[in-house]
Amino acid sequence: MVDLSFTAAADAREARATGVSESRATRWVLMALAFAFLAVFLLLPLVLVFAEAFKRGWGPYFDTLVDPDTISAIRLTLLVAAIAVPLNLVFGVAAAWAIAKFEFKGKAFLITLIDLPFSVSPVISGLVYVLLFGASSLLGPWLKGHGIEILFAVPGIVLATMFVTFPFVARELIPLMQDQGSGDEEAALSLGANGWQTFWYVTLPNIKWGLLYGVLLCNARAMGEFGAVSVVSGHIRGLTNTMPLHVEILYNEYNAVGAFAVASLLAGLALVTLVLKTILEIRYGHAIAASRGH
């Protein structure tokens, strides 16, 4: 009885300290279920990707990575991300600034448009670009006559990638900037700062952590996008295949080791993104929390 009372009292003190009313056993069960779910659906597939990639040793792994088609896919993936992410950064900051700092007609509609890629299948967005720039579209003959290639070329891949990734920066910044208000900007303007100075020295320092988070998420999605890019790329080996498309081609050719080798590169890039995010949270956690108003 004494031990039971002591345990109950300890649970009660811990519950009051953490604001949680569940018993210790319930919390342990919930945590065990959460970790088990993550292990089965996230950690185990990640381990299997690397295990299959190195199944035949280092030789076949590196043979795949130095293959010209693989190098082309890596180069194209990095190029598309290097174009799409900065453009989405500019759009995200501009859209978040307009929505958070100003009142105007169509504001709710603009927010809905920003959320559109979250509710539309990437394949559908790719088909939209085919309808806009395809050979049978209104713009297709004019583009072909002027030697402009959109579909089955880098511009089409960039456009498709931008469509599926542009909400990330804006959606990270909008609640942050709304919570911060416009008091700092108004104070800077009243002291004689112009619009650019106000943005560079006041707004940007206040949103830098949220902006960085949005860029990391945008970059991760840009490099891993498959559906929209698959529709507009044409699957031309060595020219318009990104890394996800190259994985599909290798797997369909029954080159499982090669497919998992390229997939391991994508997984590695995702892990680098996660590590960078974790390092930022560890080193600058207080600054991030303060900038978010927590």
Side-chain angles (χ1 to χ4, degrees), residues 18-20 34 38 42 81 83-122 124-125 160-191 193-225 228 269-270 272-294:
T18 60
V20 179
L38 293 175
L42 292 179
I83 297 173
V85 173
L87 291 176
N88 280 333
L89 184 152
V90 173
F91 166 79
V93 172
W97 197 345
I99 291 171
K101 307 295 183 180
F102 304 103
E103 293 295 333
F104 55 90
K105 292 183 178 180
K107 182 175 178 178
F109 182 64
L110 176 59
I111 296 175
T112 301
L113 289 179
I114 292 175
D115 291 336
L116 186 62
F118 289 143
S119 57
V120 175
S121 169
I124 300 301
S125 65
T161 303
M162 287 181 60
F163 178 85
V164 299
T165 57
F166 77 78
F168 289 98
V169 175
R171 263 299 166 196
E172 184 69 27
L173 292 181
I174 289 173
L176 173 61
M177 296 178 75
Q178 286 177 332
D179 184 63
Q180 291 175 349
S182 58
D184 292 343
E185 286 82 0
E186 293 173 355
L189 292 172
S190 66
L191 293 174
N194 58 36
W196 174 250
Q197 290 173 330
T198 300
F199 171 77
W200 189 255
Y201 295 106
V202 178
T203 303
L204 187 59
N206 287 339
I207 65 172
K208 60 183 178 181
W209 299 118
L211 182 62
L212 185 56
Y213 266 51
V215 168
L216 287 174
L217 294 174
C218 181
N219 183 68
R221 178 63 188 276
M223 290 190 294
E225 175 55 31
L269 292 173
V272 169
T273 301
L274 180 61
V275 169
L276 289 175
K277 178 177 177 292
T278 304
I279 291 174
L280 287 173
E281 289 177 340
I282 293 174
R283 295 191 59 182
Y284 305 106
H286 295 295
I288 295 171
S291 67
R292 291 173 175 238
H294 292 171

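F199 and P205 make their closest contact through O-CD, 4.3 Å (heavy atoms, listed as atom of the first residue, atom of the second, distance). Among all heavy-atom pairs drawn from F163 and P117, the shortest one is O-CG, 3.1 Å. Across every non-hydrogen atom of G210 and L176, the tightest pair is CA-CD2, 4.1 Å.
With rounding to the nearest 0.5 angstrom, the CZ atom of F166 is 6.5 Å from the CG atom of L116. Here the CD1 atom belonging to I174 is positioned 6.0 Å from the CD1 atom belonging to I111, to the nearest 0.5 angstrom.
A donor-acceptor pair is defined here as one N or O able to donate and one able to accept, closer than 3.5 Å; no such pair exists between the side chain of E225 and the backbone of V164.
A heavy-atom distance below 4.5 Å is not found between the side chains of L211 and E172. With a 4.5 Å cut-off on side-chain heavy atoms, I83 and M162 do not count as touching. Side-chain contact check for Q180 versus I207: some heavy-atom pair is nearer than 4.5 Å. A heavy-atom distance below 4.5 Å is not found between the side chains of I99 and M177.
At most 12 non-hydrogen atoms from other residues, nucleotides or ligands lie less than 6.0 angstrom from CZ of F109.
A side chain to side chain contact (heavy atoms under 4.5 Å, CB included) with L216 holds for exactly one of V272, V169, T273, V85; it is T273.
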- Let me see the working for R221 and L217 under side-chain contact (heavy atoms from CB on, under 4.5 Å), right down to the final yes or no. CA-CA 6 Å; R221 178 63 188 276; L217 294 174; over 6 Å; no
Only distances under 3.5 Å count here; give the side-chain donor-acceptor pairs of residues 86-98 to other protein atoms, sequence neighbours excluded, each with its distance to 0.1 Å.
{"residue": "N88", "atom": "ND2", "partner": "A84", "partner atom": "O", "Å": "3.4"}
{"residue": "N88", "atom": "ND2", "partner": "T165", "partner atom": "OG1", "Å": "2.6"}

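For K208, the side-chain hydrogen bond (donor to acceptor under 3.5 Å, both in side chains) criterion is met by no residue, not counting sequence neighbours.
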